[in-house]
Amino acid sequence: MFKEKTIVVGVTGSIAAYKAAELVSQLKKKDANVHCVMTKAAQAFLTALTLRTLSQNPVVTELLAEPQRWEVEHVGLATAADLFIVAPATANILAKVCHGIADDFLTTAILATKAPVLFAPAMNVCMYENPVTQQNLARLKELGYFLVEPEEGDLACGSQGKGRLAKLEHILARAEELLVRDKPLQGKKVLVTAGPTRESLDPVRFLSNRSSGKMGYALARQAHLWGAEAILVSGPTDLAPCPGVHCIPVETAEEMYQEVMKHAADCRIIIKAAAVADYRPKERKEEKIKKQAGELVLELSRNPDILAELGRRKQKGQILVGFAAETEKVLDHAAEKVRQKQLDFIVANDLTKEGAGFAADTNIVTFVFPDGSRKDFAKMSKDEVAKAILEEIVMRMDKE
Ligand code: CTP
């Protein structure tokens, strides 16, 4: 699996840096083409000569070095790489990548690459457990980076706990997974909508809903990882799209409608995870609405039903998937929507269940098909739900 693959091994300044030598040696034994990049701090723990000897390639140790004849300037290596493995990864490199800092060769190459990047953290347990590091790790995952968790045990600093570099076999297994990961959506264009829409009442107020966008973002990220050209039309959220996903921010249902229709005809797969507002204020006031005696009655106008329109315009071979977020008679409503909107299937979830719905990181879903059949799933992370949806889509495409 590693044969002839170009793997960049980034080594950062941790006492576990010596283990990178064994990692490089094992990758070479598997016939990978290994290029090592060392940060300045890593060079205090391990010599470049060791990695050069083991990788049989020059080792990059600084950003502004003259480009070498083997073309290891950062963009060259970033483009050539099939996979980046950063092992050991310090709290510092995790923080830098998380925030897009590119102040040495390794961080610059990571920012420039489209290859998967796998981090194997190693550090003192308190540094690892520090909420800042934990937040950075969570954010990196959201951004589409991969992690091999450190192990528990005796740490070089004398303390005990989580922070030891993962076993090399685990790092290699994860790396292999990322390399073999087939790309079943290669060459396919996938359109995903996500988040809520916002319908303005006046310059300071709007009508909206509790959608966090997590489900749609997870779908766009997975579609991208599966090789698709992913377009994400997103209402306002606090999330950052995964690098490589083309994100089009919108605010209102009308704007979402326009953007979706612009791209829909070119897309083989459309998944509508957005919680679109069905109504907008009939009138958007130019000035802030002032309070007055008595009640205020708002008049609302219907927004376009984007998914229903997509169903009407559906092209041959196009796959259309919707969501049905319900609070009662979940499956009945979902079955009605899947037929009305001419979908291939609808992902129903009961917003009243614990661990399902808008803000949660998990979801409990049932796929409902137009013929009345359905598939139930246990509680899963939104990433897993995204994978299950894409698997169902790939299976249906294979049957065609
Ligand atoms: N949807 C849409 N445009 C709308 C409303 C909904 O594209 N104006 C899509 C959603 O993205 C979702 C599906 O339709 O994929 C179902 O949305 P949902 O809010 O559950 O149902 P509605 O069709 O709006 O019906 P109701 O609000 O009456 O339950």
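The figures here come from the full heavy-atom set of this structure, side chains too, leaving out hydrogens, waters and symmetry mates. Start at 1 and go down the list; that is how both ligands and their atoms are numbered.
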Is the closest N or O pair between [X] and ligand 1 shorter than 3.5 Å?
X	result
Leu307	yes
Asn303	no
Phe323	yes
Thr193	no
Glu326	no
Ala274	yes
Ile306	yes

Do any heavy atoms of Met256 fall under 4.0 Å from ligand 1?
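No, Met256 has no heavy atoms under 4.0 Å from ligand 1.
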
Over 60° means perpendicular and under 30° means parallel, so tell me whether Phe367 and Phe377 are parallel, tilted or perpendicular.
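Rings of Phe367 and Phe377: tilted, 30 to 60°.
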
Looking at Asp103 and Lys96, does any basic side-chain N land under 4.0 Å from a carboxylate oxygen?
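Salt bridge present between Asp103 and Lys96.
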
Only heavy atoms of Ala324, strictly under 4.0 Å: list the atoms of ligand 1 that pass.
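Counting from 1, the qualifying ligand atoms are 20 (O).
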
Any protein heavy atom < 4.0 Å from atom 19 (O) of ligand 1
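No, because not a single protein heavy atom sits under 4.0 Å from atom 19 (O) of ligand 1.
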
Under 4.0 Å from atom 28 (O) of ligand 1, is there at least one protein heavy atom?
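Flag for atom 28 (O) of ligand 1 set to false, no protein heavy atom closer than 4.0 Å.
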
Would you kindly say whether Asp82 and Asn33 are connected by a side-chain donor-acceptor distance under 3.5 Å?
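No, no side-chain donor-acceptor contact under 3.5 Å.
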
Nearest-contact summary for atom 8 (N) of ligand 1 - protein heavy atom, Å
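Of the protein heavy atoms, Pro304 O, 2.9 Å lies nearest.
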
